[in-house]
Amino acid sequence: MAEIAEASNLSFVLNKPFDVKFEQKPKPSIESPHDVLVAINYTGICGSDVHYWVEGRIGSFVVDSPMVLGHESAGTIVAVGSAVKTLKAGDRVAIEPGKPCRYCTPCLAGHYNLCDDMRFAATPPYDGTLTGFWTSPEDFCYKLPEHVTLQEGALVEPLAVAVHIVKQAEIKPGHTVVVMGAGPVGLLCCAVAKAYGASKVVSVDIQPARLEFAASFAATHTFTPERVSAEENAARLLKEAGIVGGADAVIDASGAEPSIQTSIHVVRRGGVYVQGGMGKPDINFPIMALCVKEVTAKGSFRYSSGDYKLAVEFLSSGKVDVKRLITGTVKFEDAEQAFKDVRAGKGIKVLIAGPNEKSCRCIGGH
Amino acid sequence: MLSATENNRSFVLHSVQNVSFEDRPVPPLRNDHEVRVHVAQTGICGSDVHYWQRGRIGDFVLKSPIVLGHESAGTVVEIGDAVHNLKVGDRVAIEPGTPCRYCDYCRSGAYNLCADTIFAATPPWDGTLSKYYSVASDYCYKLPDHMTFEEGAMVEPTAVAVQVTKVADVKAGQTVVVFGSGPIGVLCQAVCKAYGASKVIGVDISDSRLEFAKTYGADGVFKPSKPADGADPVASSEATAQEIKKQFGLGEGADVVLECTGAEPCIQAGVFVAKKGGTYVQTGMGKENVVFPITTACIRALNIKGSIRYTAGCYPQAVDLIASGKIDVKRLITNRFTFEDAEKAFELVKQGKESVIKVIIEGVK
């Protein structure tokens, strides 16, 4: 079992692109009676963390001043506020890293992922979770069942992203689903779609190794696109997967323009297309096909009410197995190397142990 | 700010049927997100009268004195440090139920179902029949300059009607039968028309309520006949439904039924008057348990839903419906009282006269 031995609040800080440092920051404290204080055990690296490290910005979010990276974490509760009812010190939790205001219209309407004043870990200017300790409202920490490890707990965040995407896609039992992109989110979308009862789940990627993994993980079919038109790729995909008339739901977890174009030709008339992946902000889009086929296209952003809970439930019941996605765990001090490895496309999901995490088994890394 | 002699005169329910005026402390802001409102007008609701007369509604039991009232509008006189949507001097309608914001219901947008809601004049919480009332700023909605405080006090029941139609998912071109033509019933009728319903029928047992409804939002009105002595009640309700369908050319049924009475015969008739696959929404409250045509509901694949209070967007919608002139709430205000005559106002509502629709009480000046 992992132990929290010290009270180090060593943090992995991004100053500007490729300029990171380790810094002891003041240990955060409980500010509100609803808060808990969590010692971070493990943090996964996301493409967005890497993007900030490389580019120093995503869209209008610019790293103007030093910022702690990381947001996919699991930890152990060390203290609780006076109004906390369901958690106590020692509880192991998956952490939902975005704190909404609870007052704006989107919050009151139940779409807190769209909060006007969201404070999201490692989205400037807010510090992330690659640190020793993290303050969270009680309702944004989810207790892990005994049989779920803290390493799996760090995968709850991307799994919750996949849950949110699949809900947006309105996937129902018996549906045929196509997922563009076999990175961690794409793979998890396949797994969640299956858990929702999809009869066919087609995973699409240009990397053979990723597709091989997808087939062994959750996809019923795989597809490698060629450098032909979107319509041609779509036609061949549907033929090879034995899907007549188009897929009920198509999810893009790649952000790649050709994949997005192909998606609209893969989805059936009246079907649902969900944009989960992020690539070029503006692309060439088959608008006419969307129109005449009456496709419902929706965006999907992070997660909102019920998604984390369902993600933990999927882990608990074994319906989704995330352990296979963890291809490496490194010590906190090796965080920068882990970022380099992720950027180089090594492995699927790399975890960084928290600075107080003594007894993690560190495999792979570099 | 406050002078040393500032008072907060309040209309307090001490125990069943026992009310009086009291000088209460001026309510402080509970946190940085709150505002204090100088209440200008308050409407009376059946629930206020029920607490006064019976001391309980369901699990909510009067155990200690509470200030009454929850349908109010007023002027903002103080704002907390974190308040950005309002400034001192703004005229607002007050949404009287503030939820916890932390539970699963709140987080999923169903804050009307929050178990820890602080609701004005639901025991143990004080209501708005005080000079001042403190409330979360995001639960106060600015009134356009041309809207009066009296109209502002009518926003609450209008918001109830907006929620009912939201739950019923009323769409343009649909046919709607509304059981009950009291304040909520006629507001539901008016909101349905505003949403483009093609035919709205108001039902009541009172001739004068129906006469009003006909001039308000209903396209047609209906008064059920009394069942014959010894007749089977459910069969009588079914006959009522058939009569409504026939008289108003509803074919095999209405798209939507809004039940705003809570009366057993209306509930039954409502199930029978809905078309196959239609929607039935229960918002009226009467007997807790009624004889319900469950097999009919099953065979005709009805969508049956409950509606309680309001959710995100209802208050802004209600303000807009009134401000734009789509709904004229002034016509519903039939009686006005000064603050010192509050008890008389309650007595009047209690009498249940047909000619009385909405009674409002002016705030403490």
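Quick note on labels: first sequence line is chain A, next is B, and so on, each numbered from 1. Treat the numbers as computed from the prediction; the structure is a model and nothing was measured.
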Checklist entry - So what's closer than 4.5 Å to chain A heavy atoms on Tyr105(B): side chain, backbone, both or neither? => result neither

Item to check | Which of Ala312(B), Ser108(B), Cys106(B) touches chain A most, by non-hydrogen pairs under 4.5 Å | outcome: Ser108(B)

Item to check | Charged tip of Arg107(B) within 45° of Phe140(A) ring normal and under 6.0 Å | outcome: yes

Next on the checklist: Quick check on the 6.0 Å ring-centre criterion: do Phe120(A) and Phe61(A) meet it?
Outcome noted: no

Next on the checklist: Please classify the contact of Tyr102(B) with chain A as side chain, backbone, both or neither, using a heavy-atom distance under 4.5 Å.
Outcome noted: both

Item to check | Rounded distance [0.5 Å steps], CD in Glu96(A) versus NE2 in His71(A) | outcome: 11.5 Å

Item to check | Reported CE-to-NZ distance for the pair Met118(A) and Lys99(A), which is rounded to 0.5 angstrom | outcome: 11.0 Å

